[in-house]
Number of protein chains: 2
Amino acid sequence: MLTERQLLILQVIIDDFITTAQPVGSRSISKKDAITFSSATVRNEMADLEELGFIEKTHSSSGRIPSEKGYRFYVDHLLSPLRLSQQEVGTIRDAFTDKMMEFEQVVQKSAGILSELTNYTSIILGPEVFETKLKQLQIVPLNQQSAIAILVTNTGHVEHRAFNVPSEVSSSDLEKMVNILNSRLQGVPLIQLHEKLYKEIGDLLKAHTEQYDKAFAYLRAALVEEQPTKLYIGGKTNILMQPEFKDLDKVRSLYATIEKESEMADLLRSDDEGIRVRIGHENPFDAMQNCSLITASYRLGNDQIGTIALLGPTRMEYNRMFSLMNVLSKHMTSTFRGWY
Amino acid sequence: MLTERQLLILQVIIDDFITTAQPVGSRSISKKDAITFSSATVRNEMADLEELGFIEKTHSSSGRIPSEKGYRFYVDHLLSPLRLSQQEVGTIRDAFTDKMMEFEQVVQKSAGILSELTNYTSIILGPEVFETKLKQLQIVPLNQQSAIAILVTNTGHVEHRAFNVPSEVSSSDLEKMVNILNSRLQGVPLIQLHEKLYKEIGDLLKAHTEQYDKAFAYLRAALVEEQPTKLYIGGKTNILMQPEFKDLDKVRSLYATIEKESEMADLLRSDDEGIRVRIGHENPFDAMQNCSLITASYRLGNDQIGTIALLGPTRMEYNRMFSLMNVLSKHMTSTFRGWY
DNA sequence: TTTAGCACTCAAAGTAAACGAGTGCTAACA
DNA sequence: TGTTAGCACTCGTTTACTTTGAGTGCTAAA
């Protein structure tokens with residue numbers, strides 16, 4: 001168990017390192033107002049803290065930097081909740097006063113604000129498309145050979161795919177088919193669409209003419225094609241401004257990791273509600289081992305959950321980040337609540 | 001006017017520099033098979049070429065590098081058309097054998113391929129949305145307060161916007177309105193939509209009930225909101241692999257430039273058909289002064305033109321790039337031709 | 001006109017010294 | 001017994017100096 005004094009010193013070290021990115025020495029600690037004892041005492045305490053694994057040296061005669069264990073402890077126990085500045089709160093509030101009706105618009109803007117206010121990289125995961133339910137299916141014939149199928153979900157999400165129309169199929173045939181599909185599929189979760197289309201509707205349509213069948217085959221192929229959940233990334237280039245990423249190789253591999261959309265999505269999806277931090281090696285990807293990833297969830301309607309995340313170096317202003325993400329996720333949630 | 005020998009030397013210098021990124025010295029030139037005379041002779045010729053402005057020194061005793069004028073001359077007069085490798089052609093061909101029906105899909109894939117094959121950054125500008133014509137307008141009511149308006153254009157492009165529905169307006173009112181709008185607006189170029197909505201349709205609807213009027217106001221607001229032409233960027237991080245961008249400041253400002261979508265779009269849009277190169281200062285943006293931008297157009301249907309572009313350092317493999325972009329733009333054009 | 005030769009230039013790589021911010025340890029002190 | 005002043009030591013960083021080598025321009029001879 002750490003003593004009061006050790007806690008104090010650990011806090012000072014981490015706070016200092018977070019702002020300066022430089023190893024913190026005993027003398028500079030002892031000069032702090034909050035520290036009433038000498039640098040020699042600090043050194044003794046630091047030796048203990050190091051032995052306990054909370055801080056490290058970069059070389060034998062350097063000051064100390066927080067270890068991952070140190071950050072973890074800091075986040076779990078030492079974090080003083082920070083009041084956001086008037087300006088920060090204002091920026092977010094202003095952004096959300098514009099009447100926004102589009103999910104994408106809100107998310108894009110949120111990602112932008114988050115990365116702008118933090119100078120880190122923001123990643124926002126939309127809610128699972130497949131959990132939403134079909135509101136309406138529409139087909140717009142473009143010309144003899146092709147048409148566009150448009151899916152609208154109960155959440156207002158719109159997807160569209162072009163597909164081929166066999167020449168034997170008339171547009172009135174198409175229309176009839178759409179009517180049948182709509183009557184059968186309204187309210188069906190998208191995730192079940194595939195199955196329903198094969199099992200129930202296929203037979204139903206076979207009972208009608210051959211034309212339906214042909215058109216249906218194409219339409220089905222278009223609808224079944226799955227659309228991965230989208231990832232919105234903001235401030236990707238902010239990474240370049242962090243001193244820990246002056247090594248281009250690191251930047252490159254980090255970018256490569258972020259851009260693996262499906263894996264990133266899986267990672268973000270794995271979180272449940274609330275705010276969570278992954279520090280350094282707590283992240284599953286090699287390229288993120290000197291990064292921290294803060295994730296928070298937002299709600300879209302009742303049971304649909306999306307995730308906002310912030311990626312930066314382990315040396316992050318955790319308390320400010322927490323506050324910001326909290327505020328932002330609340331704004332997002334309440335914006336969406338208005339819709340559904 | 002340059003002599004044969006000067007042309008030869010200039011060509012060797014540029015070819016060499018393009019592959020090595022290192023200043024080229026007289027000795028290494030004289031060792032080339034194509035060069036039958038001594039390094040001293042080469043030095044004399046190089047002095048002349050430098051005086052003429054085609055090559056430069058990085059410092060007083062360095063080898064030569066091509067100047068922008070040199071590159072320009074090279075591109076205009078010295079470019080030996082390059083046969084693409086079997087593999088390159090294959091990669092492109094394979095990508096286009098998949099049946100693709102969506103404009104976005106084709107463009108995304110093209111941007112991906114281009115940046116992958118070149119290790120540069122590709123930028124693709126979609127054709128002007130506003131030149132396309134309205135095929136159909138659809139409205140899907142979501143709940144009491146909101147609905148989604150969906151525009152489908154003759155090119156198969158789909159846009160959608162959510163809008164508020166005043167509570168007095170019933171969904172059958174909406175339906176009627178859509179019918180009126182569709183009958184009046186089908187075939188109208190999107191660019192004129194705004195005007196038509198105000199001038200003609202407004203009056204028409206006013207002639208009907210007040211309900212229409214209210215709903216219409218919201219719908220109009222949603223439709224009029226303009227959607228900027230989209231820019232698809234591929235391989236943004238490839239920039240980091242170029243030795244000329246080991247300076248992070250440069251990378252950062254280049255990214256900042258690329259991300260100004262509207263300005264980039266204007267730049268790309270300004271080109272007419274065919275392939276064009278902007279070398280160094282021929283680019284309008286400061287951050288691109290040591291870059292070259294190659295642009296080529298593709299056609300979507302008959303009169304709609306989009307642009308594919310490739311951004312790299314001035315030291316680019318121009319001949320390979322030309323060939324690649326040629327092949328790619330042809331593939332894109334022919335894919336699209338099939339659709340419309 | 002070409003080329004061998006040579007003095008000269010300058011970035012880059014290597015070496016050495018000085019610096020200084022930091023440490024751990026010891027001994028004296030309250 | 002905990003705290004602190006003092007001191008020797010460590011090691012990364014900076015600076016200044018040297019060496020190296022790839023390159024040049026110029027001159028004079030072929």
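Naming convention: chains lettered A, B, ... in sequence-line order (proteins, then strands); numbering from 1 in each chain. Predicted, not measured: the structure shown is a model, and the values here were computed from it.
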Can you tell me how far P of D:dG23 sits from CD of B:E56, to the nearest Å?
18 Å
Measuring from A:D266:CG to A:E261:CD, what's the distance to the nearest 0.5 Å?
11.5 Å
Closest to the A:A40 side chain, choosing from D:dC26, C:dT23, D:dA5:
D:dA5
B:S297 side chain to B:T307 backbone, donor-acceptor under 3.5 Å:
no
Once rounded to the nearest 0.5 Å, what's the spacing between atom CD1 of A:I279 and atom CE of A:M288?
14.5 Å
Quick check for you: among C:dT3, C:dC25, C:dC6, whose closest atom lies nearest to any side-chain atom of B:S38?
C:dT3
The nucleotide from C:dG24, C:dT3, D:dT24 with an atom nearest the side chain of B:F37 is C:dT3
What is the distance, to the nearest angstrom, from the CD1 atom on B:I13 to the P atom on D:dT24?
9 Å
The nucleotide from C:dG24, D:dG12, D:dT24 with an atom nearest the side chain of A:H59 is D:dG12
5' priority, DNA chain C, between A:S26 and B:S61 [closest heavy atom]:
B:S61
Side-chain donor/acceptor of A:S323 to backbone N/O of A:L82, under 3.5 Å
yes
Indicate whether OP1 or OP2 belonging to C:dT3 is found under 4.0 Å from a side-chain N or O atom of B:T41.
yes
Please confirm whether the shortest side-chain N or O distance from A:R27 to OP1 or OP2 of C:dT23 is below 4.0 Å.
no
Against the side chain of B:K57, the closest entry in D:dG25, D:dC11, D:dT4 is D:dG25
base_contact_polar (D:dG6 base, A:R43 side chain, donor-acceptor, <3.5 Å):
yes
Taking atom P of D:dA22 as reference, at what distance in whole Å does atom CD of B:Q22 sit?
13 Å
Just how far, in rounded Å, is C1' of C:dG5 from CG of B:N44?
14 Å
